[in-house]
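Indexing begins at 1, ligand by ligand and atom by atom, following the structure's order.
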Amino acid sequence: MRASEEGPAVTDTLWAQVGGIETFERIVRAFYAGVREDPVLAPMYPDADWEGAIWRLRAFLEQYWGGPTTYSEQRGHPRLRMRHAPFPVTPDAKERWLKHMHAALDEAALPPMHDAAFRDYVERAALAMVNRFE
Ligand code: HEM
């Protein structure tokens with residue numbers, strides 16, 4: 001990818017290009033501010049370990065987008081579908097999760113290409129996480 005038609009090649013990861021840890025922290029905090037207030041999603045976090053949840057999602061997303069691999073060093077292979085099996089991820093829960101993530105991304109206002117890539121990824125990942133249909 002190039003910065004413009006004849007610009008320099010872009011070799012940095014998306015993680016670095018959007019501002020690294022600070023940007024991911026901002027997105028995930030805004031996301032969880034919505035989740036905490038959501039009547040369907042909030043009860044799925046009975047321990048209310050919000051800081052832990054923020055760390056896990058932030059570290060996972062940073063790793064996915066080319067940042068540090070701290071998530072796997074501490075949590076092992078993500079196996080996200082398996083890790084979500086205990087939670088009732090219905091189509092409604094998925095739509096709610098995405099609504100909060102989209103709101104967080106609206107606030108972050110990433111450059112358009114990065115914003116589109118991020119939304120496309122979470123959309124597909126969320127669909128793959130659905131594990132209940134009632
Ligand atoms: C589709 C709706 C989803 C629901 C309702 C949901 C719900 C949950 C819940 C209740 C937890 C446990 C809280 C915790 O211990 O962190 C969790 C963990 C997690 N979720 Fe989701 N999630 C959804 C989608 C996603 C998606 C799309 C991703 C990634 C793009 C994701 C990434 C994670 C990660 C990384 C963890 C922590 C896993 C661990 O290391 O234990 N989730 N999710």
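The salt bridge (Lys or Arg N to Asp or Glu O under 4.0 Å) test applied to Glu51 returns Arg29, not counting sequence neighbours. With sequence neighbours excluded, no residue forms a side-chain hydrogen bond (donor to acceptor under 3.5 Å, both in side chains) with Asp47.
Arg58 and Glu62 are joined by a salt bridge, as a carboxylate oxygen and a charged side-chain nitrogen come within less than 4.0 angstrom of each other.
A donor-acceptor pair is defined here as one N or O able to donate and one able to accept, closer than 3.5 Å; no such pair exists between the side chain of Thr69 and the backbone of Ser72. Gln17 contributes a side-chain N or O that, together with a main-chain N or O of Asp12, makes up a donor-acceptor pair within less than 3.5 Å. Remark: the backbone N or O of His114 is not paired with any side-chain donor or acceptor of Arg119 at under 3.5 angstrom.
Note: an N/O pair closer than 3.5 Å links Arg75 and ligand 1 by distance alone. Polar contact check, Tyr32 against ligand 1: no nitrogen or oxygen pair lies under 3.5 Å apart.
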Pair up each side-chain donor or acceptor in residues 82-90 with any protein partner under 3.5 Å, not counting sequence neighbours, and list the distances.
residue : atom : partner : partner atom : Å
Arg83   : NE   : Tyr71   : OH           : 3.3
Arg83   : NE   : Pro78   : O            : 2.7
Arg83   : NH2  : Arg75   : O            : 2.7
Arg83   : NH2  : His77   : O            : 2.9
His84   : ND1  : Leu80   : O            : 2.6
Thr90   : OG1  : Asp92   : N            : 3.4
Thr90   : OG1  : Ala93   : N            : 3.0

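In this structure, Tyr71 counts as a contact residue of ligand 1, since one of its heavy atoms falls inside 4.0 Å of the ligand.
Looking at atom 8 (C) of ligand 1, its nearest protein heavy atom turns out to be Tyr45 OH, 3.4 Å. The protein heavy atom nearest to atom 30 (C) of ligand 1 is Tyr121 OH, 3.6 Å. Atom 15 (O) of ligand 1 has as its closest protein heavy atom Arg56 NH2, 3.0 Å.
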**Chi angles and distances behind the side chain to side chain contact (heavy atoms under 4.5 Å, CB included) call for His102, Glu123** = CA-CA 10 Å; His102 287 151; Glu123 201 90 37; 3.5 Å; yes

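Counting atoms of ligand 1 from 1 in the listed order, those under 4.0 Å from a heavy atom of Leu41 are 5 (C).
When side chains are defined from C-beta on, Tyr121 counts as touching Arg124, because their heavy atoms get closer than 4.5 Å.
Listed by chain and number, the protein N, O or S atoms at a distance under 2.8 Å from atom 21 (Fe) of ligand 1 are His84 NE2.
Selection from Tyr64, Phe60, Trp55 by nearest heavy atom to atom 35 (C) of ligand 1 gives Phe60.
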